[in-house]
Amino acid sequence: MNVWKTRKGVKRRKYIKKIFFLTAVFWCVLSARCETALAAENASLDEEEKVLAQYQEYRERLEAIEHRTEIETNGFAVVESQIFPIDIAGYGEGEVSLIPAFDETYHRLALFFVTADGQVIYKTDQLETNNRVLGQMEQPPCAIAAVSFRDLDMDGRTDIILITACEAVDGSGETYKVGDVLFQSKKQAGFYRDYRIADKINRYGMNKSAEVITAFARDGYSTEFLYTATTLSELLEKGLQIITEQCHYRTFGKLGKLQVVPGTYRISNYDVFMVYLVSEQGDILFSLQPMGDYDNLYALKGINCRDIDGDGLKDIVILARYSYEGEEGQLIVESDYSVYYQRTGGFSLDTEIKDTYRCSDEDTMEILVEEARKYWGWSGQE
């Protein structure tokens with residue numbers, strides 16, 4: 001009797017066919033995934049080779065520049081309004097000028113130090129502003145916001161503070177500042193930079209002005225503790241000034257009873273503004289940074305802890321006036337607000353309402369809360 005024609009034999013044939021089918025599918029899927037991974041790896045290698053080729057081409061153009069007239073012929077656009085004389089050890093007063101120029105292909109900034117007869121004695125593109133997008137040659141368009149010459153390490157030689165304004169990579173059109181410090185070398189005509197200093201300048205918001213960078217790099221003042229402190233007592237020990245009239249306790253649902261502590265720290269001629277949520281034991285549970293990219297807190301108009309989005313949890317609304325330096329160096333003061341929504345385990349900054357409602361100097365906290373609640377489609381009956 002042929003076992004393959006029995007009922008058991010039929011079932012066995014179907015089972016074996018199914019095994020073969022599933023095995024074939026498995027190998028097809030595995031092969032497809034391998035091909036996809038291989039393609040991705042090849043694309044990554046191609047991209048790396050592309051970036052390497054771009055970098056080599058760019059370096060050849062940069063290194064070829066030995067005279068003032070060769071800057072533009074090698075693809076760099078000179079920023080004429082930011083050319084300044086600078087004292088370089090071994091050269092007479094006014095004999096050397098700093099000439100900044102942007103590479104027209106990749107938007108990278110280079111600094112050229114040029115003598116009166118046009119000779120380039122030193123050049124560098126090792127700058128913080130050229131590292132906005134890591135791993136890529138092309139950087140976001142930037143403009144020079146400030147150049148200042150000061151002796152920051154107190155060695156008798158002129159150092160450089162450089163601040164650029166870079167476009168946000170998200171295409172919003174907004175700009176942010178990037179600060180850098182170049183120390184003049186003691187051994188030869190040239191400069192060096194300490195990436196650790198640049199990192200702290202930009203990570204902790206000390207890139208607002210040359211005065212703030214000087215206060216940090218030369219005088220030792222720092223805003224770092226505002227972001228790293230773990231207790232209220234630590235903040236007070238290091239100089240935080242509490243805005244007592246807006247300091248109060250509130251109960252935030254499951255987060256419990258917390259003290260809302262607004263405060264400022266003065267560095268140079270700027271007041272850095274922060275808001276902390278502190279436990280009854282004095283531990284910092286959350287820190288808020290409503291000041292954003294503004295330079296200075298001009299006046300705190302109010303802090304309100306109320307439900308804004310209608311989920312039954314208290315949110316935080318902060319209304320203040322801030323100041324910053326305009327393009328012409330003028331002082332500009334304007335009102336602005338921040339909304340922090342209470343979420344599970346913390347608070348999240350609003351990114352929606354401000355796209356639809358811009359407050360004015362006449363707005364009060366009540367008007368602001370009403371407008372914010374309108375956005376969420378409820379009247380706020382609590």
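For clarity, every value in this text was computed on a predicted model and none was experimentally measured. FYI, the numbering just counts along the sequence from 1.
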Under 6.0 Å from the OH atom of Tyr227, do we count more than 12 heavy atoms belonging to anything else shown?
-> yes
Heavy-atom distance under 4.5 Å between the side chains of Leu313 and Tyr341, does that happen here?
-> no
Do any side-chain atoms of residues 74-82 form donor-acceptor pairs under 3.5 angstrom with protein atoms, and if so which ones, sequence neighbours left out?
from, atom 1, to, atom 2, distance (Å)
Asn74, ND2, Glu70, O, 2.8

Taking ring-ring contact (aromatic ring centres under 6.0 Å, His included) as the test, write out the residues that go with Phe113, two or more places apart.
-> Tyr122, Phe191
Should we say atom CD of Gln330 is surrounded by more than 12 heavy atoms from elsewhere, each under 6.0 Å from it?
-> yes
Please check if Tyr249 and Val275 belong to a single hydrophobic cluster, counting links between Ile, Leu, Val, Met, Phe, Trp and Tyr side chain heavy atoms closer than 4.5 Å.
-> no
Answer yes or no: does atom OH of Tyr375 have more than 12 heavy-atom neighbours from other residues, nucleotides or ligands under 6.0 Å?
-> yes
Of all the heavy-atom pairs spanning Tyr176 and Glu167, show the shortest one and how long it is.
-> CE2-O, 3.8 Å
Count the heavy atoms belonging to other residues, nucleotides or ligands that lie under 6.0 Å from OH of Tyr195, then report whether that count exceeds 12.
-> no
Heavy atoms from other residues, nucleotides or ligands near NZ of Lys314 exceed 12 (cutoff 6.0 Å) = no
Glu63, CD atom: more than 12 neighbouring heavy atoms under 6.0 Å | yes
Let me have the donor-acceptor pairs involving side chains of residues 217-225, under 3.5 Å, with sequence neighbours excluded, atom names and distances please.
from, atom 1, to, atom 2, distance (Å)
Ser222, OG, Glu224, N, 3.1
Thr223, OG1, Tyr204, O, 2.7
Glu224, OE1, Lys200, NZ, 3.1

Side chains of Ile303 and Ile316: does their closest heavy-atom pair fall under 4.5 Å?
-> yes
Does the separation of the ring centres of Tyr322 and Tyr294 fall below 6.0 angstrom?
-> yes
